[in-house]
Amino acid sequence: MNRRDFLITSSAAALAPRITFASASVELVAKPVMAQILPARDPATPMLGFNGNTPGPVLRARQGGTFDVRFLNRIGEGSAVHWHGMRIDNAMDGVPGMTQDVVDTGAEFKYRFQAPDAGTFWYHSHNRSWEQVAKGLYGPLIVDEIAPPDVDHDLIVIIDDWRMTESGTLADGFENMHDQAHQGRLGNYARALVEPNTPVRRGDRVRLRLINVATDRIFPIELEGVDGKIVAFDGMPLPRPQVVSNLVLAPAQRADVIADVTSAGQIAFVFPTRDDPYLLGEIPVEGVNTMRQPSGIPALPPNEQKQPDLDTAVVLTLTMQGGAMSRPASTQTDIWAFNGQSGLTDTPFHRFERGQTARIHLVNDTRFPHGIHLHGHHFFEVGTDASLGAFRDTTLVDAGGTRDIVCVFDNPGKWLLHCHMLGHQAAGMKTWVEVA
Ligand code: C2O
Ligand code: CU
């Protein structure tokens, strides 16, 4: 990443107004919008949005509550909405051709699901996602704990990049094969959008819900002006909060940070690049909170987690293949493949009995990193010392590297397993599993 690849940084902009609801009926209308992606002196950009904005509204409920969303598609082509990271009924997962029919333009679909887990999630189009997500069809999905942690501000930080033209439109070529064979569609302009965009005080305790919604870009993130810990990854609380260092978010990954404001100036979200650091956004600090007593950062209450049965686990290998600068598997039919297969096959990668534990050896036999996402479940990342680490829905596997994951497949249905670099997914890096 080269600093000069980016246009000028602008300050953080406000997201759409928050919609707060639980068990209420909400309409989510996807349609073309004009969005001020570039700084205010530059032209607005034709995009796609929900309810007139990109990012779409914050959908929010309390743990155990119900999301009841009437989705209306007015974008001019088929679409569907996926609730990323939510362990919900298969029929509500939003994958056209697998869990539902595509929602034609002019048509609608009713999504209704309970929120089993508290945490930071997001929603996005799952039809031609490499283009529809790049154009802005996504939004935050927040599930509040029954007893939320004691913070002064609960802030959503959406991180995205866009590939802009000189005239302020999105560059086309969403299926550019050169992009797909490399890192995917990387933007030339990036930003962290903070909601609500209000000043905080020095001494305040803040919760930052970081969400990487970029189609393809991995963001290393440095936080300035705060002192705190990572309390959750991909919505799921860490048993022990972790020091914030080397925080890296692959596309679709989230991190929750609880931190105390130490700066008198601003909280900054910084993207370190090979040249100068790139300022993605900031939150102004005004005034001082003298009331808060110093205290450690507590762990969030855990979400339900079935204990994996490692003794009886089925052991599988999923090898990532293809892309630029590597020899394709002889059987693959597109740029990328898993185990020699590009795209979805008639038979799943594996059929699991309900409740079965699997240990999947992810092997990255390519020259690029991949962020592998499983629908409908979270899984443990296995550490180098064989311990079970973070409980995630998306795991980043370095180029040439490997990672084992352990998953209890307890949610019945057909679930996608794919690279969340959406350009890679478009070019074959996807498969599916079935849970009986
Ligand atoms: Cu974020 Cu298959 O999805
Ligand atoms: Cu990939």
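Atoms within a ligand are numbered from 1 in the order they appear, just like the ligands themselves.
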Quiz item: Between Asp410 and Arg354, is there a salt bridge with N-O shorter than 4.0 Å?
Solution: no
Quiz item: Can you check whether Tyr123 and Trp83 have ring centres sitting under 6.0 Å from each other?
Solution: yes
Self-check item: His84 ND1 and His420 NE2 subtending at atom 1 (Cu) of ligand 1 (10° steps)
Solution: 100°
Exercise. Give a rough value, rounded to 10 degrees, for the angle at atom 2 (Cu) of ligand 1 between atoms NE2 of His418 and NE2 of His375.
Key: 110°
Quiz item: Angle subtended at the Cu ion (ligand 2) by SG of Cys419 and ND1 of His370, to 10 degrees?
Solution: 130°
Quiz item: Are the charged groups of Asp160 and Arg191 less than 4.0 angstrom apart, N to O?
Solution: no
Exercise. Return yes when at least one N/O/S atom of His373 is nearer than 2.8 Å to atom 2 (Cu) of ligand 1, and no when none is.
Key: no
Quiz item: So, does His420 use its side chain to make a donor-acceptor pair with the main chain of Gly371 at under 3.5 Å?
Solution: no
Quiz item: Would you call Arg60 and Asp154 a salt bridge, taking side-chain N to carboxylate O under 4.0 Å as the test?
Solution: yes
Self-check item: N, O or S atom within His424 nearest to the Cu ion (ligand 2), by name
Solution: ND1
